Student: 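One structure, as structure tokens, below. Some questions next.
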Amino acid sequence: MGEGMGEAAGRSMSEAVGDAMNEAMNEAMNQATHEAMNQTDDDAGGDPLRAGWDYPSPHRMDVRPQPQDIDGLNHTNNAVYVRWCEQVAWAHSEALGLTLEDYRRLDRAMAIRHGGYDYLLPSFEGEPLVLGTWLTAGDGRLAMERRFQLRRAGDGQTLMRGRWDLVCIAIADGRPKRMPPEFVAAYQAAVVVSADPSNDGADDESRDPAIKG
């Protein structure tokens with residue numbers, strides 16, 4: 001009788017200790033999860049554009065649709081996006097050390113052979129946007145590829161993606177010509193070789209395979 005009561009008491013004590021340990025472990029896990037979530041928020045700094053780019057380290061340009069950019073449907077006209085892409089492409093080239101004056105001096109230019117745009121969501125007057133661009137392929141001889149991604153600053157949503165296939169030409173006659181060493185040195189070193197792994201892959205169907213050099 002006494003022995004049976006001792007075993008029952010032992011089991012009760014063991015169960016109580018086990019329950020307490022489980023509760024403590026669950027509380028510790030919850031606390032760790034909460035801290036990790038807070039750390040992620042702190043690391044991102046509350047910036048919705050910190051992640052979600054198609055490729056790493058875009059050359060960025062802040063844009064905001066003006067009244068004259070709005071079409072009859074009350075959103076930004078698609079032609080405005082094309083103009084912005086031209087502006088950010090030149091800004092990127094200049095940041096890499098090649099200006100329009102350099103093009104003229106070298107009698108070479110990277111001309112758009114084909115341009116394509118996917119208009120995913122509208123933007124509206126006064127809305128803060130960020131346009132990013134990359135060089136995503138190049139053969140170091142004639143061809144390059146440039147890509148664009150337009151995002152809404154407020155929530156990081158992608159509004160437009162674009163792609164240019166570029167070919168090096170002589171300005172004097174417009175014929176394809178091999179890139180001068182200055183082009184290879186500036187542009188080829190800037191080519192992004194892989195997509196950003198932090199991107200969740202949304203809208204993959206709007207990104208065509210990169211051209212091969």
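Any value given below was found using the heavy atoms of this structure, including those in side chains, with hydrogens, waters and symmetry copies removed. This is a predicted model, so every value here is computed, not measured.
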Student: Under a 4.5 Å cut-off applied to non-hydrogen side-chain atoms, are Y119 and Y81 in contact?
Tutor: yes
Student: Under a 3.5 Å cutoff, is there a donor and acceptor pairing between the side chains of T158 and Q149?
Tutor: yes
Student: Taking A89's backbone N and O only, do any of them form a donor-acceptor pair with T133's side chain (distance below 3.5 Å, no angle check)?
Tutor: no
Student: Closest approach of A111 and I169, non-hydrogen atoms and distance?
Tutor: CB-CD1, 3.8 Å
Student: Going from CE on M110 to CZ on R146, what distance comes out if it is rounded to the nearest 0.5 angstrom?
Tutor: 9.5 Å
Student: Quick test of your reading of the model: are R163 and E145 salt-bridged, counting only N-O distances below 4.0 Å?
Tutor: yes
Student: What pair of heavy atoms forms the shortest contact from G132 to W134, and how long is it?
Tutor: O-CZ3, 4.1 Å
Student: Would you mind checking if D69 and R64 are paired as a salt bridge, meaning a charged N to carboxylate O distance below 4.0 Å?
Tutor: no
Student: If you measure from CG on L98 to CH2 on W90, what distance do you get to the nearest 0.5 Å?
Tutor: 8.5 Å
Student: Could you please spell out the steps behind the salt bridge (Lys or Arg N to Asp or Glu O under 4.0 Å) verdict for R147 and D54?
Tutor: CA-CA 9 Å; R147 294 195 179 238; D54 292 342; over 6 Å; no
Student: Do the non-hydrogen side-chain atoms of P122 and T76 ever get within less than 4.5 Å of each other?
Tutor: no
Student: Taking salt bridge (Lys or Arg N to Asp or Glu O under 4.0 Å) as the test, write out the residues that go with R108, two or more places apart.
Tutor: none
Student: side-chain contact (heavy atoms from CB on, under 4.5 Å) between L96 and L135: does it pass, once the steps are laid out?
Tutor: CA-CA 11 Å; L96 295 174; L135 293 173; 4.2 Å; yes
Student: To the nearest 0.5 Å, what is the distance between CZ (R83) and CG (N78)?
Tutor: 12.5 Å
Student: Decide side-chain contact (heavy atoms from CB on, under 4.5 Å) for L131 and M160; before the verdict, give the C-alpha distance in whole Å, the side-chain angles of both, and the deciding distance to 0.1 Å.
Tutor: CA-CA 9 Å; L131 180 59; M160 182 276 296; 4.1 Å; yes
Student: Quick one: pull up CG in L121 and CG in D155 and give me the separation to the nearest 0.5 Å.
Tutor: 9.0 Å
Student: Work out which heavy atom in V191 is nearest to a heavy atom in A137; give both atom names and the distance.
Tutor: CG1-N, 3.7 Å
Student: Answer yes or no: is there a donor N or O on one side and an acceptor on the other, between the side chain of W53 and the main chain of L49, under 3.5 Å?
Tutor: yes
Student: Treating Q188 as the side-chain partner and G138 as the backbone partner, does any N or O pair qualify as donor plus acceptor under 3.5 Å?
Tutor: yes
Student: Any idea which heavy atoms bring C168 and P180 closest together, and the distance?
Tutor: SG-CD, 4.3 Å
Student: Same hydrophobic cluster for M144 and V167, using side-chain heavy-atom links shorter than 4.5 Å among ILVMFWY?
Tutor: no
Student: Starting from the C-alpha separation in whole Å, work towards a yes-or-no answer on side-chain contact (heavy atoms from CB on, under 4.5 Å) for L100 and R104.
Tutor: CA-CA 6 Å; L100 180 58; R104 291 169 175 163; 3.5 Å; yes
Student: For a quick test of reading the model, state the closest non-hydrogen atom pair linking D107 to I171 and the distance between them.
Tutor: OD1-N, 3.2 Å
Student: If we ignore hydrogens and angles and just use 3.5 Å, is the side chain of E127 paired with the main-chain N or O of F124 as donor and acceptor?
Tutor: yes
Student: Between C85 and W164, does a side-chain contact (heavy atoms from CB on, under 4.5 Å) hold up when you go through it step by step?
Tutor: CA-CA 10 Å; C85 287; W164 289 356; 4.1 Å; yes
Student: Hey, would you say the F148 and W84 ring centroids sit under 6.0 Å apart?
Tutor: no
Student: Any luck finding a side-chain donor-acceptor pair between S123 and R152 under 3.5 Å?
Tutor: no
Student: Listed by chain and number, what are the ring-ring contact (aromatic ring centres under 6.0 Å, His included) partners of F183, not counting sequence neighbours?
Tutor: Y103, Y187
Student: For the residue pair E125 and I70, what are the closest heavy atoms and their distance?
Tutor: N-CD1, 3.5 Å
Student: State, with a plain yes or no, whether a side-chain heavy atom of L159 is found less than 4.5 Å away from one of L120.
Tutor: no
Student: If you measure from the Lys or Arg side-chain nitrogens to the Asp or Glu carboxylate oxygens, is any gap between D165 and R113 under 4.0 Å?
Tutor: yes
Student: Starting from L106, can I reach L142 by hopping between I/L/V/M/F/W/Y residues whose side chains sit under 4.5 Å apart?
Tutor: no
